[in-house]
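Here is the structure we will look at, set down as structure tokens.
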Amino acid sequence: MKTNHIFSLILFIVVVMLFNITPLFAQEEMTKDQWQEQMTSYKAKQADLQAQVTKLNADIEGLKVQSSKLDTDLLTCEDALYAMLGVTRADVEAFDKELAQMENRVAELQRMSDAELVNYKDELAQLDSRIKEMAQSKICLIPRYGDRVKALQDKITALMNSIQKEKTYTVGTWGQDRDCLWNIAKKKDIYANAWMWPKIWQGNRDIIKDPDVIKPKWVLKIPEGNELSKEEKSAANRYYRNKAAAPAEAPKQ
Amino acid sequence: MGKISKNVVLALFLAGGLVLSSCSNTPSDEEMKQLNDLKAEVSSLEKQVAEKQREKAALEKQVAEKNGKLQQCQSDQEAVKKGLGK
């Protein structure tokens, strides 16, 4: 009798344990309470998000209306502005386009060295004359165009000045500066090309009698250009022929 | 022997009852589907909100730029009036 009870109890425990262990191997199951809790939380989130979407849609609509009204107002304002100046929108657009092209070109010219710039002297003169014409246009009464034209005019003037002013170089000592015509011509701010030395020689014939002899503190003119003229080339050839005939010497100062 | 099987049947009934009563505490498949659908809708709404916020920000920027241009145009009008000596 007693054994029967014990056997039944053990069987009961085993069956209950078997049923309760299986969920441990399966995915953790949600209880009804947890389900209810999540449903409530997600429903609240859904309601909140729907309200946000509704508000955002209204805001977006409002902004679209505002944007479109601003477009109309801006067109009206610009038309009135151009009418005051007696010009059309197309005139202003063409002016703006030409000005932008000139600004780009001047920016390119500004990146050039003075020696390179000399080759664009004519173009600079044309740009200068065109910008002066543009400065007379009524469109320049619009401050943003007036300012741009003025700034461009200043840049063109600066470029023209930089090629017009005579460049000079004061000779240093051989010991300290290693200054000879070859080395001077090689300098980045002179010609950046040592083979241009005859240009300095020919441009300073009044003081340089022998190209191998230059003295410290001499102020040499640096002629414009980035290639040798016919005369400079023949002077250089004469020098090389003489040099070949005579034994080599170190530069003298 | 008869007593043993009687006790076994009783134990099995009791255990089964206990297990069944614990099973009824989990949500049904229908309820789980309801929850998953709700989650999906919330996720889609979150995406919608983010998209609308981006659209709104872009429009606000556009409106601010246009306002700036309009103010510029109005001040240009004043400058031109002065320049023309009106």
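Convention: sequence-line order gives letters A, B, ...; per-chain numbering from 1.
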Looking at every non-hydrogen atom in both residues, tell me the closest pair between Lys56(B) and Asp59(A) and how far apart they are. NZ-OD2, 3.0 Å
Report, in residue-number order, which members of residues 39-47 of chain A are under 4.5 Å from chain B by heavy-atom distance. Met39(A), Tyr42(A), Lys43(A), Lys45(A), Gln46(A)
To check you understand the geometry: which heavy-atom pair defines the closest contact between Arg144(A) and Asp76(B), and what is its length? NH1-OD2, 2.6 Å
Please check if atom CG in Asp122(A) has more than 12 non-hydrogen atoms from other residues, nucleotides or ligands closer than 6.0 Å. no
Derivation and outcome, side chain to side chain contact (heavy atoms under 4.5 Å, CB included), residues Met30(A) and Leu35(B): CA-CA 11 Å; Met30(A) 179 188 278; Leu35(B) 179 63; 3.7 Å; yes
With sequence neighbours excluded, residues passing salt bridge (Lys or Arg N to Asp or Glu O under 4.0 Å) with Lys138(A): none
Closest contact, heavy atoms only, Leu84(B) versus Met84(A): CD1-O, 3.3 Å
Measuring from Leu70(A):CG to Glu65(B):CD, what's the distance to the nearest 0.5 Å? 11.5 Å
Report, as yes or no, whether the 6.0 Å neighbourhood of atom CZ on Phe95(A) holds more than 12 heavy atoms from other residues, nucleotides or ligands. yes
Is it true that, when you exclude Glu30(B) itself, more than 12 heavy atoms of the residues, nucleotides or ligands shown sit nearer than 6.0 Å to its CD? no
Looking at Glu227(A), I want to see if its CD is surrounded by more than 12 non-hydrogen atoms of other residues, nucleotides or ligands under 6.0 Å. no
What pairs with Asp206(A) under side chain to side chain contact (heavy atoms under 4.5 Å, CB included), at least two apart in sequence or on another chain? Asn204(A), Lys221(A)
With only heavy atoms counted, which part of Glu60(B) is less than 4.5 Å from chain A, the side chain, the backbone, both or neither? both
Mind ranking Glu55(B), Lys39(B), Lys69(B) by heavy-atom pairs under 4.5 Å with chain A and telling me who comes out on top? Lys39(B)
Rounded to the nearest 0.5 Å, the SG atom of Cys77(A) sits from the CD atom of Gln77(B) at a distance of 4.0 Å
Residue part contacting chain A, namely of Glu51(B), when any heavy atom lies under 4.5 Å: neither
Could you check whether any side-chain heavy atom of Lys52(B) comes within less than 4.5 Å of a side-chain heavy atom of Gln52(A), counting everything from C-beta outward? no
Determine whether Gln50(A) and Gln48(B) make a side-chain contact, defined as any pair of heavy atoms from C-beta on separated by less than 4.5 Å. no
Heavy-atom closest pair, residues Val49(B) and Leu56(A): O-CD1, 3.7 Å
Where on Glu41(B) is there a heavy atom nearer than 4.5 Å to chain A: the side chain, the backbone, both, or neither? side chain
Nearest heavy-atom contact between Asn67(B) and Gln66(A) is ND2-NE2, 4.4 Å
What side-chain hydrogen bond (donor to acceptor under 3.5 Å, both in side chains) pairs are there with at least one residue in residues 72-83 of chain A, not counting sequence neighbours? Lys69(A)-Asp73(A), Glu78(A)-Arg89(A), Asp79(A)-Arg89(A)
Do you know which two heavy atoms are closest between Val80(B) and Leu141(A), and how far apart they sit? CG2-O, 3.8 Å
Under 3.5 Å donor-acceptor, Trp35(A) side chain and Thr26(B) backbone: no
